[in-house]
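This report concerns only the one structure given below.
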Amino acid sequence: MSSVLPVLCGAVLLGAPGYLMLCALDVRLCLRWGWAPAVTVLLTVVLGALFRVLGIRWTLLSAVIGIVLLVALAAVVRLALQRRTARRLTTSTSTSTSTSTSTSTSTSTSTSTSTRAGVPAPQDWSRGTAAAVTGASILSGALVAASAARRMGGISTLNGSFDSFFHLSAAAFIRERGDASFTTALSDIYGEPTFYPVVFDDLVAILPFDVITAANAMMLAMLAAIPPAVAAMVAGVSRPARSAPLLVALSAGAATLFLSTPAMALVMGLWPIVLGVVCLAPAIAAVLMLTDRRHGAPGVGTAAGLVLIVIGTALAHPSVLFSVAVVAGLRLLAGGIERMLGGGRLRGLIEVCAALAAAVLFVAGSHVLLSGMALTKPSLDGVGSVLGEILLDSPRIPAVPALLWPMAALWILAMIGATAAVRSREVLGATAALGLLASLMLGVATQIDHPLAVALVNPWYGARERIAPLMMCMLVLLMARGLLALLESGGRRRRSLPGALAVGAVVVTVLIALVTPQRLPLMGSLAYTAYGVQLTPYVTSEERSFIERTAQELPEGSVVLADPLDGATLYWSVGGVETVFATMSRPLTREKTLIAHYAHRAGTDEASVELCRALESVGPTHLYRDTSEASGQRINPEDSERWRGVHDIPESRLTLVDASGPYALYELDPAC
């Protein structure tokens with residue numbers, strides 16, 4: 001199957017709901033397509049919860065109808081408020097026509113200012129300019145998706161990473177059960193209502209393709225959405241300039257050079273965090289626009305909308321919210337320092353102290369509440385080597401080389417931008433510079449085994465790939481500022497030369513990087529086709545074929561028992577056959593833990609009453625075994641030991657149903 005149609009459907013599902021809502025509310029933001037995914041997340045969460053209460057199944061049809069109704073309702077409310085405002089203006093006319101005209105004019109101006117409050121001048125672009133910049137940002141995203149998909153082996157190729165199996169099962173559960181609520185959608189996995197950021201899985205579940213194709217399509221659509229999101233961030237916070245459209249378009253191109261997020265998507269299968277990254281750039285813009293006073297204080301409606309963007313980002317993936325919090329704290333710090341330098345010492349000192357107090361609370365809270373999130377083992381490389389990899393945004397994947405040239409132009413321009421911003425005492429530029437420094441420090445802290453360092457990075461699971469998107473946003477903001485400084489430097493005759501050289505350097509770097517085999521195309525293969533370079537697959541193509549074939553032959557009501565590291569989760573996510581362990585996570589209920597540890601004891605004197613009750617409740621009817629070199633016991637023996645009771649079920653309780661090489665399916669006698 002061609003990947004174009006599935007990815008296009010994924011992009012529409014990710015962006016169209018939010019875009020339509022922004023249009024219905026007449027939100028005056030340039031590059032609405034970049035802001036749209038965060039709004040789509042909000043709509044998905046609202047509809048998922050509402051459908052759960054009303055007993056409506058989560059399907060493509062019901063979701064589309066729900067979105068249309070919400071968009072229509074938003075449009076009706078907006079029109080009603082506008083008419084109410086117009087009536088108020090009409091009834092407030094005073095004694096004379098001149099006074100009426102004056103009042104109407106001033107009120108209209110005030111309303112216009114309020115509507116645009118906190119929205120910088122780039123929103124005054126012509127429709128043609130806005131369309132051109134939007135097209136350039138979407139094209140950048142399309143090139144990222146195309147480059148990433150080059151070596152995936154096709155849109156229906158299975159991602160062989162650990163986390164992908166969880167989300168394939170999660171999407172399949174949502175599709176089967178019709179429950180998209182963020183607290184109950186995965187109850188079958190966790191055994192009880194549990195909060196989980198399921199928006200990615202919700203969207204995959206309603207794409208009209210098989211679950212693997214749908215997941216791959218949405219993953220590529222998310223990668224394609226990052227350049228428009230970064231462009232929207234730059235457009236939202238950049239200062240007025242004739243070159244603003246060019247800077248925004250180049251920012252979208254620059255976003256294609258960063259590798260940590262594609263690595264999380266393509267190699268690690270961390271798909272919900274990638275959705276969070278898509279929303280991160282607009283959320284950072286929202287925070288900076290909330291605190292921007294260059295165009296007046298934002299009105300109530302504007303402020304509420306910007307806060308909702310941040311909430312949507314948190315619902316996409318909570319860990320991304322901490323990156324937004326870092327920017328908010330640094331904006332407070334930079335603003336306080338600027339006030340102190342400008343003469344407002346008391347207020348500035350209060351803001352600085354508030355920012356420092358927030359940082360202390362952040363670290364203390366992380367140490368106490370998030371200590372269990374330090375899950376990433378530090379690299380064996382030295383701190384210096386790791387810092388170099390962080391600067392080049394090279395993920396912890398040995399097969400991906402840390403190349404200097406793709407990031408060199410960005411760093412040079414960012415340093416120029418930071419210098420120009422500091423000299424001009426620009427709070428936004430200072431915030432971006434501090435944010436860039438903070439992201440580097442946090443990345444290095446992932447390598448330091450000290451309670452303070454661990455507390456700093458707990459919110460990001462101790463993984464520098466999850467911190468890197470913050471660096472991406474700050475670096476691109478400073479790059480845009482550096483380009484602006486060069487474009488405005490020198491006299492009229494000399495002004496174009498340094499700016500033109502810088503623009504050319506960025507464009508050439510982007511075009512070459514997108515086709516360089518060692519970058520996105522390489523990562524597109526590591527968890528899909530070139531397993532030996534990065535990981536051993538949990539399921540080979542031969543094993544997948546065996547599971548798909550035998551799943552179709554099993555009678556209705558069958559329940560498959562197996563070590564999930566043997567790929568048996570595909571019996572559920574691909575074959576639609578219930579499995580005892582539908583994900584590779586540790587057993588999450590007492591019943592399934594008993595089965596995992598002691599299933600081999602059934603029918604013996606060692607079998608407990610609790611074990612027999614668990615087997616009777618879960619009701620496994622078949623056993624799947626993988627004895628190949630890629631079995632769970634071979635590639636991950638420590639984790640596979642959790643299912644030792646499944647491994648040791650005696651042959652006397654098994655009747656062979658089908659076999660192909662090292663893969664076998666048996667009918668199971670529960671013996672209790």
Side-chain angles (χ1 to χ4, degrees), residues 1-14 44 57-64 145 148-149 151-180 185-186 188-189 198-224 265-266 269 271-272 274-275 524 527-529 537-554 556 558 560 564 566-579 582-584 624 663 665:
M1 176 190 295
S2 172
S3 62
V4 175
L5 179 60
V7 175
L8 183 60
C9 289
V12 170
L13 184 59
L14 178 64
T44 302
R57 285 182 55 81
W58 177 255
T59 65
L60 179 59
L61 178 60
S62 65
V64 169
R151 296 186 184 177
M152 281 176 55
I155 195 67
S156 61
T157 307
L158 177 68
N159 183 302
S161 65
F162 182 97
D163 285 87
S164 71
F165 282 79
F166 177 93
H167 294 293
L168 293 175
S169 289
F173 270 115
I174 294 169
R175 182 176 290 186
E176 176 70 18
R177 307 292 193 257
D179 183 359
L186 304 187
D188 289 321
I189 291 178
V198 294
V199 175
F200 170 83
D201 307 305
D202 288 343
L203 297 176
V204 169
I206 58 176
L207 277 175
F209 308 99
D210 66 84
V211 69
I212 293 177
T213 299
N216 287 335
M218 185 54 66
M219 179 269 296
L220 289 173
M222 290 189 304
L223 290 180
L266 293 161
W271 295 326
V274 178
L275 179 59
Y528 285 91
T529 54
Y538 288 99
V539 175
T540 62
S541 58
E542 295 80 11
E543 184 176 8
R544 175 182 171 182
S545 298
F546 177 80
I547 290 174
E548 288 182 297
R549 177 172 58 80
T550 54
Q552 299 304 313
E553 298 170 354
L554 284 171
E556 186 176 353
S558 297
V560 176
D566 287 343
T569 63
L570 293 188
Y571 269 106
W572 167 245
S573 61
V574 175
V577 177
E578 184 177 349
T579 62
T583 75
M584 295 179 182
Y624 171 71
Y663 315 116
L665 180 68

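Residue numbers count from 1 along this sequence. What you see is a predicted model, and the numbers here were worked out from it, not measured in a lab.
- Proximity of I155 to V7: side-chain heavy atoms (C-beta onward) are separated by under 4.5 Å at one or more points.
- In summary, the side chains of S161 and N159 do present a donor paired with an acceptor at a separation below 3.5 Å, with no hydrogens or angles considered.
- Exactly one of L203, T44, V199 qualifies for a side chain to side chain contact (heavy atoms under 4.5 Å, CB included) with L14. That residue is L203.
- Between the side chain of S558 and the main chain of L554, no donor-acceptor pair closer than 3.5 Å is present.
- Nearest heavy atoms, L158 versus L570: CD2-CD1, 3.8 Å.
- Rounded to the nearest 0.5 Å, atoms CG (D188) and OG (S169) are 11.0 Å apart.
- In this structure, I174 and D202 have side chains that are in contact, with non-hydrogen atoms separated by less than 4.5 Å.
- The heavy-atom pair separating R175 from V204 by the smallest distance is NH2-O, 3.2 Å.
- Side chains of S164 and Y528: no donor on one and acceptor on the other come within 3.5 Å.
- Aromatic ring orientation, H167 versus W271: tilted (interplanar angle from 30° to 60°).
- L13 places a side-chain heavy atom less than 4.5 Å from the side chain of M218.
- At least one side-chain heavy atom of M219 sits under 4.5 Å from a side-chain heavy atom of M152.
- You'll find the side chain of F200 stays beyond 4.5 Å of the side chain of V274, heavy atoms only.
- Contact detail for Y538 and G160: the closest heavy-atom pair is CD1-O, 3.2 Å.
- Taking 4.5 Å as the limit, some side-chain heavy atom of W58 sits within range of a side-chain heavy atom of I206.
- Residues V64 and L60 meet the side-chain proximity criterion, which asks for heavy atoms closer than 4.5 Å.
- Listed for the S62 side chain is a donor-acceptor partner under 3.5 Å among the backbone atoms of R57.
- Interatomic distance, L220 CG to L8 CG, rounded to the nearest 0.5 Å: 12.5 Å.
- Side-chain atoms of D566 do not come within 3.5 Å of backbone N or O of A568 as any donor-acceptor pair.
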